[in-house]
Amino acid sequence: MGNPNYTTHLGMVDILPGDVERWHFIENLIRDTARTFHFKEIRTPILEDTGLIARGIGGDTDIVSKEMFAFERGDDRYVLRPEGTAPAVRAYIQHTLHQRGGSQKLFYIGPMFRAERPQKGRQRQFHQFGAEILGSADALADAETIALMHTLYRRLGVAHITLKLNSVGEPESRKTYREALRDYFRPHFHLLSEISQKRFDTNPMRILDSKEPEDRPLIEGAPLIREYLDADSAAHYRQLQKHLDRLGIPYEEDPYLVRGLDYYTRTAFELTSSDLGAQDALGGGGRYDLLVEELGGPATPAVGFAVGLERLLIVADALNLPLGGEKRLDVYIVTRGDEARKWALKHLRPLRDTGLSASMDLQARSMKAQMKEADREAARFVLLVGDDELASGSVTLRDMDASTEETVHFPEALRRMVGVAEG
RNA sequence: GAGCCUGUAGCUCAGUAGGUUAGAGCGCCAGGUUGUGGCCCUGGAGGCCGUGGGUUCAAGUCCCAUCAGGCUCCCCA
């Protein structure tokens with residue numbers, strides 16, 4: 001591919017014409033779906049304070065410990081946001097959105113950055129759609145959040161997806177559970193995989209979703225968190241399941257589902273697809289009742305999720321879902337001679353003012369070359385203007401689909417083209 | 001951070017046990033039609049064979065390094 005002087009950095013990709021339309025399609029679908037749930041869009045800066053991210057996500061997570069694009073400038077520490085929840089919560093606090101009353105239903109779409117090794121479905125700059133409900137502790141909020149995520153995929157037409165559901169309880173019950181897990185694994189410690197041995201101390205719950213074969217039999221006998229859930233969390237979990245049943249949203253209880261970010265409480269969920277390969281998570285989320293207070297705001301229960309748009313596109317492609325491509329051109333003006341080019345320049349405006357897309361040759365090429373370009377851009381019509389037309393005050397209107405043409409006055413040509421474009 | 005694989009025209013790829021001026025299809029440009037697209041024919045432009053070093057009389061082809069990419073582990077969206 002030659003040797004250009006400059007190329008994108010590792011894990012950063014350009015989205016080119018022909019591809020951009022697919023992004024528009026899903027972005028439109030997302031915004032419209034969020035609108036029907038009456039979630040409101042929020043846009044936050046791509047750069048955030050490093051402290052916010054470290055505090056919000058947790059210093060022990062991979063994201064914070066080794067995947068941040070961060071730099072300093074003067075006394076300020078900046079980081080390219082690796083996820084959207086902490087920034088959304090920051091904005092919620094900073095602008096006292098809780099004073100607006102009720103519970104705030106927010107969503108965002110935008111680029112996120114993590115310095116990981118890129119692979120299928122994972123880029124260093126990737127895009128997420130996320131939604132958050134702040135201010136409700138009710139399981140109804142969890143259900144609405146999940147319903148939004150589920151509706152998006154249903155409306156996209158994705159069929160084979162699995163919603164995994166679990167409750168990770170309150171910090172207290174989790175602490176008890178962690179100890180119970182250590183007690184259980186301790187006698188078998190030497191049988192655990194190397195990775196799991198490391199996690200034994202740091203985060204024994206992560207042993208549960210280990211993919212190492214030698215861990216599987218041990219995990220099957222391990223105590224489950226549901227046996228250690230506090231009464232309120234257990235009730236909340238049952239309530240959510242009833243809501244999901246009422247909504248007709250199928251789910252699979254996964255007692256081993258443990259999500260990577262520190263801030264989750266109670267509800268944890270994940271949407272997976274077999275079409276994705278190794279990175280099979282389409283989206284995931286959960287409840288984070290302590291985060292707002294942790295970041296300096298009023299104690300505010302909250303729940304949310306994020307879905308990866310790159311992965312959504314992969315799934316859509318695997319299913320051959322029509323996302324659309326480049327739009328065809330309505331009218332291309334083919335000219336012959338300088339006078340005709342001047343005529344064309346003047347007449348582009350009335351064409352465009354009616355809403356038609358209109359274009360012309362910018363290189364003074366032959367008519368044949370102009371026709372080829374009109375064809376390449378899938379022009380619906382060609383307006384041909386040369387000496388004859390200029391002399392008679394008319395234009396040749398060519399219907400490129402029907403391969404027919406006739407000579408008419410410009411206003412008449414305009415009327416006909418608008419009629420077809422609207423039909 | 002680790003492993004495996006790949007790197008020849010804009011794109012998809014051929015390039016024989018290392019041997020003279022590096023190929024195809026598609027795409028692009030032009031001509032065949034001095035005022036017209038899609039099909040067809042003809043011609044053309046476009047490659048320091050990712051980069052650097054080494055082996056050799058000779059390297060796209062072998063070796064080493066490096067860079068980039070893909071997939072996987074880890075982790076996550």
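Each chain gets a letter, A, B and so on, in the order its sequence line appears, and its residues count up from 1.
Closest to the side chain of A:Q123, from the set B:G70, B:G38, B:C76, is B:G70. With distances taken from any side-chain atom of A:P118 to the nucleotides B:G70, B:C29, B:A77, the minimum falls on B:G70. Taking only side-chain atoms of A:M367, from C-beta outward, the nucleotide of B:A77, B:U36, B:C71 with the closest atom is B:U36. The A:K372 side chain lies nearest to B:C29 when the options are B:G69, B:C76, B:C29.
Within the 4.0 Å cut-off from OP1 or OP2 of B:G70, not a single side-chain nitrogen or oxygen of A:Q119 is found. Remark: A:R376 is in phosphate contact with B:C29, judged by side-chain N or O atoms under 4.0 Å from OP1 or OP2.
In this structure, A:Q370 reaches neither bases nor backbone, as no heavy-atom distance under 4.0 Å exists between it and the strands shown. A:A369 comes within 4.0 angstrom of sugar-phosphate atoms only, judged by non-hydrogen atoms across all strands, and of no base. Among the atoms of the strands shown, base atoms are found under 4.0 Å from some heavy atom of A:E389. Base engagement by A:E405 is indicated by at least one non-hydrogen atom pair under 4.0 Å involving a base atom. As judged by a 4.0 angstrom heavy-atom cut-off over every strand, A:L309 is placed among residues making no nucleic acid contact. Nucleic acid contact for A:E377: none, since no nucleic acid atom lies under 4.0 Å from a heavy atom of the residue.
For A:R349, the CZ atom is loosely surrounded, since the number of other residues' heavy atoms within 6.0 Å does not exceed 12. Enclosure of atom NE2 in A:H188 by more than 12 non-hydrogen atoms of other residues, nucleotides or ligands within 6.0 angstrom is indicated.
Going from the P atom of B:G47 to that of B:G31 covers 23 Å, rounded to whole Å. Separation of the P atoms belonging to B:G60 and B:U51 is 11 Å when rounded to the nearest angstrom. Comparing B:G43 with B:G50, their P atoms sit 29 Å apart, to the nearest whole Å. A gap of 12 Å separates the C1' atoms of B:A22 and B:U61, to the nearest Å. A distance of about 14 Å separates the P atoms of B:A59 and B:G52, rounded to the whole Å. A distance of about 29 Å separates the C1' atoms of B:G54 and B:C13, rounded to the whole Å. Taking atom C1' on both nucleotides, B:C39 is separated from B:C71 by 42 Å, rounded to a whole Å. Taking the C1' atom of each, B:G69 and B:U8 are spaced 16 Å apart, rounded to whole Å.
Remark on RNA chain B: of its neighbouring residues A:S366 and A:A379, the 5'-side contact belongs to A:S366, judged by nearest-heavy-atom nucleotide. Residues A:G11 and A:E67 each lie close to RNA chain B; by heavy-atom proximity, the contact nearer the 5' end of the strand is made by A:G11.
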Open item on the list: Run A:Y228 and A:Y177 through ring-ring contact (aromatic ring centres under 6.0 Å, His included) and show every step you take.
Closed with: CA-CA 6 Å; A:Y228 291 82; A:Y177 176 55; 5.6 Å; yes
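A side-chain N or O of A:R266 and one of A:S233 form a donor-acceptor pair less than 3.5 Å apart.
Distance A:D399 CG to B:G37 C1': 13 Å, rounded to the nearest Å.
Taking the six-membered ring for Trp and the full ring otherwise, the centers of A:F129 and A:F305 sit less than 6.0 Å from each other.
One can find a donor-acceptor pair under 3.5 Å joining the base of B:C76 and the side-chain atoms of A:R311. Residue side chain A:R122 does not reach the base of B:A77 through any donor-acceptor N/O pair under 3.5 Å, judged by distance alone. Counting distance only, with no hydrogens placed and no angle test, the side-chain atoms of A:D375 and the base atoms of B:G37 include a donor-acceptor pair under 3.5 Å.
Side-chain atoms of A:N28 come within 3.5 Å of backbone atoms of A:H24 as a donor-acceptor pair (strictly under, hydrogens ignored).
For RNA chain B, the stems formed by at least three consecutive Watson-Crick or G-U pairs, with both atom-pair distances below 3.5 Å, span B:1-7 with B:67-73, B:10-13 with B:23-26, B:28-32 with B:40-44, B:50-54 with B:62-66.
Looking at A:H127 and A:M112, their side chains never come closer than 4.5 Å, going by heavy atoms from C-beta outward.
A:E294 meets the side-chain hydrogen bond (donor to acceptor under 3.5 Å, both in side chains) test with A:R55; sequence neighbours excluded.
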